[in-house]
Amino acid sequence: MVLDDLGTSLRDTLDTLSGKSRITEEDVDKVVKEIQRSLIQADVDIALVQELSDSIKERALEEEPPGGTSARDHVLKIVYEEMVALVGESTELPLEEQTIMLAGLQGSGKTTSAAKMAWWFSKKGLRPAVIQTDTFRPGAYDQAKQMADRAEVEFYGDPDADDPVQIAREGLEATEDADVHIVDTAGRHALEDDLIDEIEDIEEVVDPDRNLLVLDAAIGQGAKDQAQQFDESIGIDGVVITKLDGTAKGGGALTAVDQTDSSIAFLGTGEEVADVERFEPDGFISRLLG
Ligand code: GDP
């Protein structure tokens with residue numbers, strides 16, 4: 001991480017350490033306060049912010065800077081390492097045959113993310129297929145088909161069927177030549193029992209290698225309940241954060257990562273199929289602290 005990636009006031013605070021050979025508790029407090037301000041503004045859960053603050057303080061005061069390292073660089077390095085520990089590494093996604101199922105509430109961006117991820121895998125030389133099982137939201141089939149067409153990937157859905165489990169079963173058969181199956185599921189406005197029952201039934205038939213939870217970047221502390229419920233029912237292996245092209249920084253999604261003991265797989269940065277990035281800690285950290 002370079003200093004330029006940080007917000008101006010954090011950079012300025014770190015710069016005040018430049019000439020110092022010893023770091024005082026007061027110095028570290030100032031840096032930690034700046035970080036806390038940015039993270040809370042970015043919707044990071046207060047308990048996670050507190051844990052991070054404690055680790056930074058403890059390490060900055062206890063660890064001796066290696067010879068020749070300035071106080072500023074020493075603190076910067078600790079801040080960076082602790083931020084990486086907070087946001088985690090990218091969810092592992094081997095470029096091989098696999099089935100991925102998406103879970104999340106309505107409007108979180110599942111259908112869009114399914115097409116984006118298929119596009120991403122196709123650019124990596126694999127043959128993806130999107131299977132749309134959302135029979136709940138009117139227009140879901142048309143939207144998913146349109147997005148899959150734009151991504152130029154195989155698509156299966158059935159606008160006349162009303163049993164998502166059957167669609168999933170038939171979809172897997174119809175697209176058996178594909179390498180990567182991405183199964184989109186229906187959401188609901190809230191965490192309702194029938195949503196959880198339905199996704200459990202689909203999961204049983206699909207037997208995914210990975211379940212990814214799709215969260216809107218603007219999600220605040222609601223991330224915790226969603227993560228807990230979906231993790232208990234199907235197990236969550238990774239998180240997709242959508243709508244990072246807006247003003248929200250996506251810090252709330254870290255609660256879901258923490259709750260499910262998982263990591264972030266993809267970031268959505270727009271409405272088009274190519275508006276997708278693999279999660280990288282550095283860019284995300286800069287965004288949170290910027
Ligand atoms: P679903 O109900 O979870 O399947 O959500 P959709 O995929 O239908 O997305 C809901 C709305 O959010 C749609 O209008 C999408 O175009 C929009 N959307 C999804 N991902 C992104 C994103 O990364 N950026 C922006 N700006 N809009 C997005």
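Keep in mind that the numbers below use all heavy atoms, side chains included, and drop hydrogens, waters and symmetry copies. One-based numbering, in listed order, for ligands and for the atoms of each.
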message = Under a 3.5 Å cutoff, is there a donor and acceptor pairing between the side chains of Glu152 and Ser122?
response = no
query = Does the pair Asp149 and Lys145 meet the rule for a salt bridge (Lys or Arg N to Asp or Glu O under 4.0 Å), with working shown?
reply = CA-CA 6 Å; Asp149 286 348; Lys145 171 139 187 25; 3.2 Å; yes
Among Val206, Leu93, Val240, side chain to side chain contact (heavy atoms under 4.5 Å, CB included) partner for Ile100 = Leu93
key: Side chain, backbone, both or neither: the part of Asp245 lying under 4.0 Å from ligand 1 by heavy atom   = side chain
ask   = Does the protein put a heavy atom under 4.0 Å from atom 25 (C) of ligand 1?
value = yes
task = Could you pull out, from Gly109, Ala140, Gly270, Gly268, the option with a heavy atom nearest to atom 9 (O) of ligand 1?
result = Gly109
message = Tell me whether Arg137 reaches ligand 1 (any heavy atom closer than 4.0 angstrom to a ligand atom).
response = yes
message = Quick one, Asp43 and Lys249 - any side-chain contact, counting heavy atoms below 4.5 Å?
response = no
ask   = Pick from Lys57, Lys20, Arg72: which one makes a salt bridge (charged side-chain N to carboxylate O under 4.0 Å, His left out) with Asp27?
value = Lys20
message = Just to verify, which of Gln132, Glu170, Glu173 counts as forming a side chain to side chain donor-acceptor pair (under 3.5 Å) with Tyr156?
response = Glu170
task = Could you tell me whether the side chain of Asp201 and the main chain of Val165 form a donor-acceptor pair under 3.5 Å?
result = no
query = Is it the side chain, the backbone, both or neither of Val214 that has a heavy atom closer than 4.0 Å to ligand 1?
reply = neither
task = Give the atoms of ligand 1, by number and element, whose distance to some non-hydrogen atom of Gln143 is under 4.0 Å.
result = 6 (P), 7 (O), 8 (O)
inquiry  = Please work out, at 4.0 Å between heavy atoms, whether the side chain, the backbone, both, or neither of Thr269 comes within that distance of ligand 1.
reply    = backbone
query = Among protein heavy atoms, which sits nearest to atom 11 (C) of ligand 1, and what does the distance come to when rounded to 0.1 Å?
reply = Lys243 NZ, 4.1 Å
key: Proximity flag Leu267 to ligand 1, non-hydrogen atoms under 4.0 Å   = no
